[in-house]
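Here the structure is a predicted model, which is why all the values come from computation and not from measurement. Sequence positions, counted from 1, serve as the residue numbers for this chain.
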Amino acid sequence: MTSSNSLTNKREHLFRRLALLTVITIYLVIIAGGIVRSTGSGMGCPDWPRCFGRWIPPTEASQLPPNYQEIYGAKLKGEIEFNAAKTWIEYVNRLVGAFSGLLVFALLITSISYLKKDKRVFYGSLLSFILIGLNGWLGSRVVATELAPYLVTLHMLLAILVVFALLYVMTVSYGGHIKIEPITGSKAWVNQILLWTMILSVIQVLIGTQVREAIDEVIQRIGYTERHRWIDSLDYRFYIHRTFSLIILAFHLAAIYQLRKHSRETGLLSRLTNALIALVVIEILSGMVLAYFAVPAIAQPIHLTLAIVILGIQFTALLLLNADRLIKNQVVHLPHYSKV
């Protein structure tokens, strides 16, 4: 019996480590996708799953068929001169995405050990696997439709759902292995504020994908050399995104205030709140850099990735707020507050 318990504990420990690694890898996929968009490398590989008909992308035009411009010219949106940098940026993005898919599959296999203990971990892992598989297929459709805006937006939404599913599985699997401080007062108002902040943040990210599409349209009209004119040339989508950010900030301030009010200073929830404060400030600064410093390419993936990290923290905080119902057999290591 002791040997059996030891084996189960090792499998569960492996699962928790793998879950954390998978979440980190998914964020790397998002960073890679942001780099693809910011460098205009979305069609760096005009076909899928191969790249210019090869499993290993070319590094120079001489490795392509003599008539490659005729074959791929339309999909390359007029940029018929081979660009090795864009090709490899897109290909690396695909490799990271494929690796994340393998990790999610491995997570699903290791989650089988939870079937008797907590089926939510297995079914959450199964959902993650289905979502990432669907998103991988959607990525192929994005290439096939030459970056159709509605598919790019849906691709981002599914990536967010994958993050949420993995964070749920990871949080549940850590039940009894993490310190969760007691929450003072009623949680109903905190839950509502945090939930609405998260919903509005998701909407803001999706609006941001539309702004990126608007920038692509501007680039087609005036070119890369006129980068300093991009922001002034944008349409209503940019102004909606910028104005909506004030609403998002107000909700974040309310959520942070409520979280600080109801959590202990040394607890996990409090540390997540501190991280949320720092990331919101950096996110605002990165947005200002994009708007006032000619949309530097390096700032775009940072801005996107921070937004998804903020969403992850919001979702994790929401889970921890309801840990008494979410996590079975939780261990509370910190003392309850005493009334003064």
Side-chain angles (χ1 to χ4, degrees), residues 15-35 96-97 100-101 103-104 107 120-121 124-125 127-129 131-132 135 153 155-175 177-178 180 190-191 193-209 245 248-249 251-253 255-256 258-260 263 267-284 286-287 300-323 326-327:
F15 178 87
R16 292 192 296 272
R17 290 295 181 90
L18 188 57
L20 179 59
L21 176 61
T22 305
V23 170
I24 292 172
T25 304
I26 293 297
Y27 277 113
L28 290 178
V29 173
I30 293 170
I31 292 173
I35 293 173
V96 176
S100 69
L103 283 180
V104 174
L107 193 70
R120 296 174 303 172
V121 174
S125 300
L127 177 61
S128 301
F129 180 69
L131 287 175
I132 202 166
N135 213 22
T153 301
H155 193 48
M156 175 54 64
L157 179 59
L158 277 179
I160 293 171
L161 292 179
V162 170
V163 170
F164 285 172
L166 289 171
L167 286 174
Y168 172 82
V169 166
M170 187 172 69
T171 303
V172 172
S173 69
Y174 269 93
H177 300 275
I178 55 176
I180 305 172
V190 193
N191 276 324
I193 289 290
L194 194 53
L195 181 60
W196 276 108
T197 303
M198 190 171 67
I199 292 172
L200 293 174
S201 297
V202 170
I203 294 173
Q204 178 72 330
V205 169
L206 298 182
I207 295 174
T209 64
S245 64
I248 299 294
L249 176 60
F251 270 85
H252 268 111
L253 292 175
I256 289 168
Q258 290 294 328
L259 287 170
R260 278 198 166 279
S263 61
L268 177 58
L269 193 56
S270 180
R271 293 197 294 272
L272 284 176
T273 304
N274 291 337
L276 186 60
I277 294 170
L279 290 174
V280 167
V281 171
I282 299 172
E283 176 73 347
I284 292 171
S286 68
Q300 294 177 59
I302 292 174
H303 191 64
L304 171 63
T305 305
L306 284 176
I308 309 301
V309 172
I310 287 171
L311 277 170
I313 291 177
Q314 293 168 354
F315 185 68
T316 303
L318 191 63
L319 293 177
L320 293 179
L321 273 172
N322 300 278
L326 175 72
I327 301 177

(message) Do Val280 and Leu306 have side chains that approach each other closer than 4.5 Å (heavy atoms only, starting at C-beta)?
(response) no
(request) Taking Tyr27 for its side chain and Ile308 for its backbone only, find out whether a donor-acceptor pair lies under 3.5 Å. (result) yes
(request) To the nearest 0.5 angstrom, please state how far the CG atom of Leu21 sits from the CG atom of Leu107. (result) 9.5 Å
(request) Any chance you could measure Ile199, atom CD1, to Gln314, atom CD, to the nearest 0.5 Å? (result) 10.5 Å
(message) For a quick test of reading the model, state the closest non-hydrogen atom pair linking Phe15 to Ser173 and the distance between them.
(response) CE2-CB, 3.6 Å
(message) Quick check: closest heavy atoms across Ala255 and Thr197, and the distance to 0.1 Å?
(response) CB-OG1, 3.8 Å
(message) Are the side chains of Val169 and Arg120 in contact, using a 4.5 Å heavy-atom criterion?
(response) no
(message) Measuring from atom CG of Leu127 to atom OH of Tyr168, what distance do you get when rounded to the nearest 0.5 angstrom?
(response) 10.5 Å
(request) Can you measure from CG (Leu311) to CE (Met198) and round to the nearest 0.5 angstrom? (result) 8.0 Å
(message) So Met156 and Leu304, do their side chains get closer than 4.5 Å, heavy atoms only?
(response) yes
(message) Between Gln300 and Ser286, is there a side-chain heavy-atom distance shorter than 4.5 Å?
(response) no
(message) Applying side chain to side chain donor-acceptor pair (under 3.5 Å), can you list everything that pairs with Ser100, at least two apart in sequence or on another chain?
(response) none
(request) Take Val163 and Ile30 through the test side chain to side chain contact (heavy atoms under 4.5 Å, CB included) and record every step on the way to the result. (result) CA-CA 10 Å; Val163 170; Ile30 293 170; 4.2 Å; yes
(message) Please give me the minimum heavy-atom distance between Phe315 and Phe164, naming the atom from each residue.
(response) CE2-O, 3.1 Å
(request) Please name the pair of heavy atoms, one in Ala307 and one in Val205, separated by the smallest distance, quoted to 0.1 Å. (result) CB-CG2, 3.8 Å
(message) On a heavy-atom basis, which atom in Gly124 and which in Ala165 lie closest, and how many Å separate them?
(response) O-CB, 4.5 Å
(message) Contact between Ile203 and Ile248 at the side-chain level, heavy atoms closer than 4.5 Å - yes or no?
(response) no
(message) Just to verify, what does Phe129 make a ring-ring contact (aromatic ring centres under 6.0 Å, His included) with, not counting sequence neighbours?
(response) Phe105
(message) In the structure I gave you, are the side-chain heavy atoms of His303 and Glu283 within less than 4.5 Å of one another anywhere?
(response) yes
(request) Just do the side chain to side chain contact (heavy atoms under 4.5 Å, CB included) check on Val202 and Leu157 with the steps written out, would you? (result) CA-CA 8 Å; Val202 170; Leu157 179 59; 4.2 Å; yes
(request) Drop me the distance from Ile313's CD1 to Ile277's CD1, to the nearest 0.5 angstrom. (result) 10.5 Å
(message) Measuring only between side-chain heavy atoms, which start at C-beta, is Leu321 closer than 4.5 Å to Leu259?
(response) yes
(request) Give a yes-or-no answer on whether the side chains of Ser245 and Gln204 include a donor-acceptor pair shorter than 3.5 Å. (result) no
(message) How long is the straight-line distance from CG of Leu276 back to CD1 of Ile310, given to the nearest 0.5 Å?
(response) 6.5 Å
(request) Could I get the full list of side chain to side chain donor-acceptor pair (under 3.5 Å) partners for Thr25, not counting sequence neighbours? (result) none
(request) Compare every heavy atom of Asn191 with every heavy atom of Leu318, then report the nearest pair and how far apart it is. (result) CD1-OD1, 3.4 Å
(message) Set out, in order, the CA-CA distance, both residues' side-chain angles and the distance that settles side chain to side chain contact (heavy atoms under 4.5 Å, CB included) for Ile31 and Ile302, then state yes or no.
(response) CA-CA 7 Å; Ile31 292 173; Ile302 292 174; over 6 Å; no
